[in-house]
Amino acid sequence: MENENEKSVNVAAESVELYPIETVADRVYDGQLDNVDGLQRHLGNRQLQLIAIGGSIGTATFVSISVGLLKGGPGSLLLAYTIYTCMLSLVNNCQAEMSSYMPVTGGFVRMSGKWVDEALGFMVGWNFFLYEAILVPFEITALNLVLSYWRDDIPDEAVVAGCIVLYFCINAFAVTWYGECEFWFAFGKVFLLTMLFSFTFITMVGGNPKHDAYGFRYWKHPGPFADHAVDGPLGRFEGFLAALWNAAFTVVGPEYVSMVAGEARRPRKYMKAAFKATYARLGLFFIGSALCVGIVIPHDETTLIKILLGSADGAGTAAASPYVIAMKNLGIEGLPHITNALLVSSIFSAGNAYTYYGTRCLYGLAIENQAPCFLRKCTKTGVPINCLCVVMLFPFLAFLNASKGPRKVFIWLTNIITGAQVINYIVICINFIFFYRACKTQGLDRRTLPYSGRFQPWSAYIPLVFLTCVAMCYGYTVFLPGYFSTEAFLTFYMMLLVDLVLFVGWKLWKKTKFVKASEADLIWDKPIIDAYENGLMGEHIGFWRDLGNMFGKGFMRSEKVDKEK
């Protein structure tokens, strides 16, 4: 049921400039603008689906997960990943409803400013931008480490420079370039995960050179739970917490899908499908990974301990991957090199994706007048070129490898960005609570939306409480006797302090107020999006047909034109 006050807008006939965008050329599609903000809707179904499934999977899923295994044991690791994944599934449930209804550029960031408080939008926008921008040098650092698996004389500077050039080139042209690159990179990640899961099952039942059907042996000895920091029950609980913090760094999803909403070809239909695919990734890839790594090696694996403690080379490389350690223990040759090669492409892809997300987030801030106006400039192909140039400054931080060493930088970046990541999910929950109240107050029946989330509003309240506790406590070890240092405290809690300053500072300067449920703008860009979708003349192409069309027209059976706009 549409809101009674909703207006029907013919964008082509409008002379009012909704956003002061500097664009080289206006894009008109079937009499309607793609967007009112300068971006163009060129991402297809198969691209969005693969981006949703594997777009942000990087080194953490394959390598850093071993830290959680070492500190918590296989039982704590599986339990922690399952709990955290369930929490993010609830967050995904919230964001799917909002993004499918209002697929705008900037995703959840701009929703915060529109439906909650302009100060919150400013805070989370810069939080997410800094988070994405810092992740780019993080992945380049990881890439240097992974390449050292083969040889240690590859210049770090050359790798950093090469990544900077390639990331810029991929993102500087039409978004279809980025979408196509990420499609194939994500396909490679899915293949790698499938290969590693298959390796786990085949070898655990005896399909290995030693014909050792080890099964769940390591769950019995040394056991499912490891002591961390102290011995006894408290140590096992702290081991679980360490595994939970590891999950908070590794498990990601809904925030990334929301950021591509402004460039989806059929936004509401494709976004709904993409968010549904995110459930599969959360459930299968992350929980599956936690289960598999606890099967293939014990948590007290000597090789893993030596690598992570620095007494042996290989930290951050495929050598620290539980799968590669297991392959070597079983005498399997060749497969570790294939794993490392696919890991290189996965890490490069993650850095490329973070470049894209950071660019779009900064652009969203600019069109909301929360970033300098020169950042609104777009090329004729719909790329925020000045925003991209700003984001490309951050990869130069990877040159710190030369002075501090990859492992040191790796730890710094991990701790800093974990706090920022959890804050993003907290804000998504807050966004939905305000959106839910506004719908209820203004009489908008959520059951009529393209995607109506179940178990609402509890699907927002439960993860809100849980993730707030995670954000406050994940660096608790710095407060333990003998563990405190200024450096450790800042790396754990710096983003919390920065966000507090951003929120309070903008609120005081602009004198913003929280948006009342009766005054929330639930129309916003809906008329423009409706006009764009109603103007689409082509037929809706499903994922499998879209995939088949890559091999030529007529490869798959024709589908009827989708009448549901």
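Here the OG1 atom belonging to Thr85 is positioned 11.0 Å from the CG atom belonging to Leu90, to the nearest 0.5 angstrom. In this structure, CG in Leu282 is found 4.5 Å from OG in Ser89, a value given to the nearest 0.5 Å. The distance from the CZ atom of Phe432 to the OG atom of Ser459 is 7.0 Å, given to the nearest 0.5 Å. The structure places CE of Met494 at 10.5 Å from CG of Leu496, a figure rounded to the nearest 0.5 Å. Atom CG of Leu143 and atom OG of Ser349 lie 11.5 Å apart (nearest 0.5 Å). Leu166 CG to Ile170 CD1: the interatomic distance, rounded to the nearest 0.5 Å, is 6.0 Å.
For the 3.5 Å distance criterion, the side chains of Tyr256 and Glu132 qualify, holding a donor opposite an acceptor. Using modelled atom types, one finds no donor on one side chain facing an acceptor on the other under 3.5 Å when comparing Ser452 with Glu97.
In this structure the side chain of Ile83 reaches within 4.5 angstrom of the side chain of Phe240, judged on heavy atoms. Side chains of Arg437 and Pro457 form no contact here, defined as non-hydrogen atoms less than 4.5 Å apart. Using a 4.5 Å cut-off on side-chain heavy atoms (C-beta onward), Asn431 and Met98 make contact. Under the 4.5 Å side-chain criterion, counting only non-hydrogen atoms from C-beta, Ile462 is in contact with Phe455. Side-chain contact check for Trp126 versus Cys361: every heavy-atom pair is 4.5 Å or farther apart. Residues Tyr84 and Phe466 have side chains in contact (heavy-atom distance under 4.5 Å, counting atoms from C-beta outward). Side-chain atoms of Asn127 and Val498, non-hydrogen and from C-beta on, never get closer than 4.5 Å to each other. Taking 4.5 Å as the limit, some side-chain heavy atom of Leu449 sits within range of a side-chain heavy atom of Leu444.
Because its NZ or CZ atom is both nearer than 6.0 Å to the ring centre of Phe514 and within 45° of the ring axis, Lys507 counts as a cation-pi partner of that residue.
Taking the ring centroids of Phe173 and Tyr178, they lie at or beyond the 6.0 Å cut-off. Between Phe128 and Phe108, the distance separating the two ring centers is shorter than 6.0 angstrom. A ring-centre distance under 6.0 Å is found for Phe394 and Phe129.
Classification of the Tyr101-Phe435 ring pair by plane angle, with boundaries at 30° and 60°, yields tilted. Taking the six-membered ring where the residue is Trp, Phe479 and Tyr493 present tilted rings, their angle falling between 30° and 60°.
When the options Val390, Ile367, Ile385 are evaluated for a side-chain contact (heavy atoms from CB on, under 4.5 Å) with Leu375, the one that passes is Val390.
Ion pairing between a basic and an acidic side chain is recognised when a charged N comes within 4.0 Å of a carboxylate O; Arg268 and Glu533 show such pairing.
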